[in-house]
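Okay, structure first, notes after.
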Amino acid sequence: MPSDSMEKHPHQGHRDRIRARYYTSGLESFHDHEVLELLLYYCYPRGDTNPKAHQMLGEFGSLHNLFEADIETLTQRLNCTENIALLLNLIPALANRYFRSKWSSKVTLDSETATAKFAMDLCIGHTVERFYVLSLDNRQRLINTTLISKGTVDEAAVYPREVIRVAIQDKVTGVILAHNHPGGSMKPSRADLEVTRQIVDGLSFIGVTVIDHIIVAGDTYYSFAARGQHVTGYS
């Protein structure tokens, strides 16, 4: 006869095996549905979360799409509680906070690679365009990160005067621009090219150079410095 614990927790053995795999090898060997299945243990203290994980991935197509959906969309499309939607929605926000904490000490942005890595961490989890100015000292060490604007999934209004204001406020001679393309290609749009030119021209009047402009699209990026477009590049 099965014990009371087996009657109450018929899937406990499977849960224990999933947890044991994570303890020994992390998430590297996990399929996406298994990652989600493990996460859902904290929403469903009992029962099999495997079907729920498959249902969620089937509805949104990927972990990326699932985690970046807003809470209202999650509750409606998954017919789930607000607590479950909140947990899922928290994942990219927590990842962004983690990475920003990792970069909290002074960092030197003296190469395309270093700047791209910083910019990709800065933009992780954002589902709308955000435009940043990275203020640097004369050794190309980061002294301030300023969010200039945020907009929609494919557009953010950027005014060169705001960038100039930040450069004057931070008393710098060099800046790097960074923004994300959350829903599209890393390739700059005509508007991206034009606003970069305007910012470069505007800052030149106050003796400030634009070293690079990095566009982040997921785990890829576009560097204006690498292509010799408008900016001065790294010394």
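Hydrogens, waters and symmetry mates are skipped; everything else that's a heavy atom, side chains included, is used.
Legend: residues meeting salt bridge (charged side-chain N to carboxylate O under 4.0 Å, His left out) with E82, ordered by chain and number and at least two apart, are absent. Taking the salt bridge (charged side-chain N to carboxylate O under 4.0 Å, His left out) definition, one finds that E72 meets it with nothing, sequence neighbours left out. Residues passing the side-chain hydrogen bond (donor to acceptor under 3.5 Å, both in side chains) test with T108, sequence neighbours excluded: none.
Side-chain atoms of D170 never come within 3.5 Å of backbone atoms of S135 as a donor-acceptor pair (strictly under, hydrogens ignored). With hydrogens and angles disregarded, a donor-acceptor distance shorter than 3.5 Å links the side chain of R15 to the backbone of G47. A donor-acceptor distance shorter than 3.5 angstrom exists from the side chain of N65 to the backbone of F60, with no hydrogens or angles considered. Proximity of a side-chain donor or acceptor of D192 to a complementary backbone N or O of S189 within less than 3.5 Å is detected. With T146 contributing its side chain and I148 its backbone, the two residues share no donor-acceptor pair below 3.5 Å. Between the side chain of R130 and the backbone N or O of H126, no donor-acceptor pair lies under 3.5 Å. Although no hydrogens or angles enter the test, the distance criterion places a donor-acceptor pair under 3.5 Å between the side chain of T24 and the main chain of R21.
In this structure, H213 and F224 have parallel ring planes: the angle between them is below the 30° cut-off, well short of the 60° mark. Between H31 and H33, the angle of the ring planes stays under 30°, which puts this pair in the parallel group of the 30/60° scheme.
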Requested in this report: Let me see the working for L87 and C43 under side-chain contact (heavy atoms from CB on, under 4.5 Å), right down to the final yes or no.
Outcome: CA-CA 8 Å; L87 178 65; C43 300; 3.3 Å; yes
**Report entry** Worked verdict on H179 versus E129 for side-chain contact (heavy atoms from CB on, under 4.5 Å)
**Finding:** CA-CA 7 Å; H179 82 279; E129 275 204 15; 3.6 Å; yes
Requested in this report: Could you give me the CA-CA distance, side-chain angles and deciding distance for D201 and R197, then say whether salt bridge (Lys or Arg N to Asp or Glu O under 4.0 Å) is met?
Outcome: CA-CA 6 Å; D201 290 346; R197 185 192 62 77; 2.9 Å; yes
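Between L134 and I143, every side-chain heavy-atom pair lies at or beyond the 4.5 Å cut-off. The shortest distance between side-chain heavy atoms of T81 and T75 does not fall below 4.5 Å. In this structure, L66 and L78 have side chains that are in contact, with non-hydrogen atoms separated by less than 4.5 Å. Under the 4.5 Å side-chain criterion, counting only non-hydrogen atoms from C-beta, D121 is not in contact with Y98. Contact check for T209 versus L203: no side-chain heavy atoms found under the 4.5 Å cut-off.
Under the side chain to side chain contact (heavy atoms under 4.5 Å, CB included) test applied with M56, the options T49, L74, I84 reduce to a single match, I84.
Defined by atom type and a distance below 3.5 Å, a donor-acceptor pair is missing between the side-chain atoms of H230 and E194. Side-chain contact, D212 with T115: no donor N or O sits under 3.5 Å from an acceptor N or O.
L94 is connected to I71 through a chain of hydrophobic side-chain contacts under 4.5 Å among Ile, Leu, Val, Met, Phe, Trp and Tyr, so both are in one cluster. Note on L90: it does not cluster hydrophobically with I124, by side-chain heavy-atom contacts below 4.5 Å among ILVMFWY residues. Residues M186 and V231 are members of one and the same hydrophobic cluster, defined by side-chain heavy-atom contacts under 4.5 angstrom among Ile, Leu, Val, Met, Phe, Trp and Tyr. At a threshold of 4.5 Å between side-chain heavy atoms, the hydrophobic network of Ile, Leu, Val, Met, Phe, Trp and Tyr places I214 and L136 in two separate groups. Both F131 and V210 belong to a single network of hydrophobic side chains, linked directly or stepwise wherever heavy atoms of I, L, V, M, F, W or Y lie under 4.5 Å apart.
Cation-pi geometry between R161 and Y159 is satisfied (NZ or CZ under 6.0 Å from the ring centre, within 45° of the ring normal). By the 6.0 Å and 45° rule, K52 stacks over the aromatic ring of Y44.
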